[in-house]
Amino acid sequence: MDAIVYVSETGFTKKYAEMLSAELDVQAMTLKDAANKLSKGSEIIYMGWVSAGFIKGLSKAMRLYEVKAVGGVGMGRYTEKNQNNLVKQNKLADLPAFYLQGGFDMGKLRGFNKVAMKIMGKVVASSIKNGKESMMPKEQAEEMLDAIRHSKDYVSADKLQPMLERCKTL
Ligand SMILES: Cc1cc2nc3c(=O)[nH]c(=O)nc-3n(C[C@H](O)[C@H](O)[C@H](O)COP(=O)(O)O)c2cc1C
């Protein structure tokens with residue numbers, strides 16, 4: 001494995017990439033830095049944050065490098081549904097792919113991303129108020145709203161464990 005390449009907007013994916021890097025003894029770098037440091041076709045593990053279900057930077061990483069495993073970092077907790085959606089929406093059926101819960105930090109967001117998540121907070125709050133569970137179960141909606149309002153860091157070595165074990169076998 002040549003590198004762990006990642007895209008992280010507010011730092012949670014970076015934390016997971018650095019944890020994986022330390023465990024596997026493989027260098028971690030951003031997708032931007034990889035342009036100068038890695039040659040095309042290098043074997044990589046790719047990690048990116050999840051935006052509206054899509055793993056940021058994944059299609060670029062797939063074009064440039066030989067991606068051997070993928071981690072998608074979102075704010076929601078790990079559920080089978082989140083894992084399956086990640087695989088389906090990002091067309092990852094042929095690769096080891098892992099949904100990881102990162103966190104949320106409004107203070108580090110800028111521009112469109114910040115506006116979008118402020119709106120998302122209002123949508124989630126009103127769905128809880130109106131007792132609607134079409135978007136997600138109430139408990140998960142409350143957790144999401146809590147993260148949007150107060151910022152949360154859910155990153156942990158435990159959550160990375162399944163991905164780490166699989167990556168050791170690559
Ligand atoms: C515009 C936007 C869209 C997002 N969409 C999702 C999503 O679809 N699913 C999810 O679980 N988290 C979503 N999030 C939350 C981020 O994926 C989460 O905060 C992640 O941990 C950020 O990782 P980073 O710190 O590496 O940037 C979204 C955040 C933003 C700003």
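Whatever order the structure lists ligands and atoms in, that order sets their numbers, starting from 1. We number each residue from 1, following the sequence as shown.
Heavy-atom contacts of Ala52 reach the following atoms of ligand 1: 3 (C), 4 (C), 5 (N), 6 (C), 7 (C), 8 (O) (cutoff under 4.0 Å). In the vicinity of Thr10, heavy-atom distances shorter than 4.0 Å reach the ligand 1 atoms 22 (C), 24 (P), 25 (O), 27 (O). Close approach to Val73 involves these atoms of ligand 1, each under 4.0 Å from a residue heavy atom: 17 (O), 20 (C), 21 (O). Close approach of ligand 1 to Thr13 (heavy-atom distance below 4.0 Å) involves ligand atoms 23 (O), 24 (P), 26 (O). Every atom of ligand 1 is numbered from 1 in the order shown, and the set under 4.0 Å from a heavy atom of Gly76 is 11 (O). Residue Leu109 has at least one heavy-atom neighbour below 4.0 Å for each of these atoms of ligand 1: 31 (C). The ligand atoms of ligand 1 that sit less than 4.0 angstrom from a heavy atom of Phe104 are 19 (O).
Looking at Met75, Met106, Lys108, it is Met75 that brings a heavy atom closest to atom 11 (O) of ligand 1.
Atom OH of residue Tyr78 and atom CG of residue Leu100 lie 10.0 Å apart, to the nearest 0.5 angstrom. The line from CH2 of Trp49 to OH of Tyr6 is 15.0 Å long, rounded to the nearest 0.5 Å. For the atom pair OH (Tyr46) and CG (Leu92), the distance works out to 11.5 Å, reported to the nearest 0.5 Å.
Annotation: atom 21 (O) of ligand 1 to nearest protein heavy atom, Gly103 O, 3.0 Å. Annotation: atom 1 (C) of ligand 1 to nearest protein heavy atom, Asn113 OD1, 3.7 Å. Trp49 CB, 3.7 Å is the protein heavy atom nearest to atom 22 (C) of ligand 1. Here the heavy atom of the protein found nearest to atom 27 (O) of ligand 1 is Glu9 N, 2.7 Å. For atom 9 (N) of ligand 1, the closest non-hydrogen atom on the protein side is Val50 CG1, 3.7 Å. For atom 8 (O) of ligand 1, the nearest protein heavy atom (residue, atom name, distance) is Gly53 N, 3.0 Å. Here the heavy atom of the protein found nearest to atom 2 (C) of ligand 1 is Met117 SD, 3.6 Å.
Salt-bridge annotation for Glu165 and Lys168: present, with a side-chain N of the basic residue lying under 4.0 Å from a carboxylate O of the acidic one. A salt bridge is defined here as a Lys NZ or Arg NE, NH1 or NH2 lying under 4.0 Å from an Asp or Glu carboxylate O, and Lys15 with Asp153 meets this definition.
Ligand 1 has no N or O atom lying under 3.5 Å from any N or O atom of Ser51, backbone or side chain. For a threshold of 3.5 Å applied to N or O pairs, the pair formed by Gly102 and ligand 1 contains no separation below that value. Here's the thing with Gly11: one of its N/O atoms is less than 3.5 angstrom from an N/O atom of ligand 1.
Judged by distance alone, with hydrogens and angles left aside, the side-chain atoms of Gln27 form no donor-acceptor pair with the main-chain N or O of Ala3 at under 3.5 Å. Looking only at distances, a side-chain donor or acceptor of Glu133 sits under 3.5 Å from a matching main-chain atom of Lys138.
Each of Lys152, Arg149, Arg77 was evaluated against Glu143; a single residue qualifies, Arg77, per the salt bridge (charged side-chain N to carboxylate O under 4.0 Å, His left out) test.
At most 12 heavy atoms of other shown residues, nucleotides or ligands fall within 6.0 angstrom of atom NZ in Lys14. For Asp25, the CG atom sits in a loose shell: 12 or fewer heavy atoms of surrounding residues, nucleotides or ligands are nearer than 6.0 Å. The local environment of NZ in Lys114 is crowded, with over 12 non-hydrogen atoms from other residues, nucleotides or ligands closer than 6.0 Å.
Ligand 1 lies within reach of Tyr99, whose nearest heavy atom is under 4.0 Å from it.
Under a hydrophobic-cluster definition in which Ile, Leu, Val, Met, Phe, Trp and Tyr are linked whenever side-chain heavy atoms come within less than 4.5 Å, directly or via other members, Leu109 and Met144 are assigned to the same cluster.
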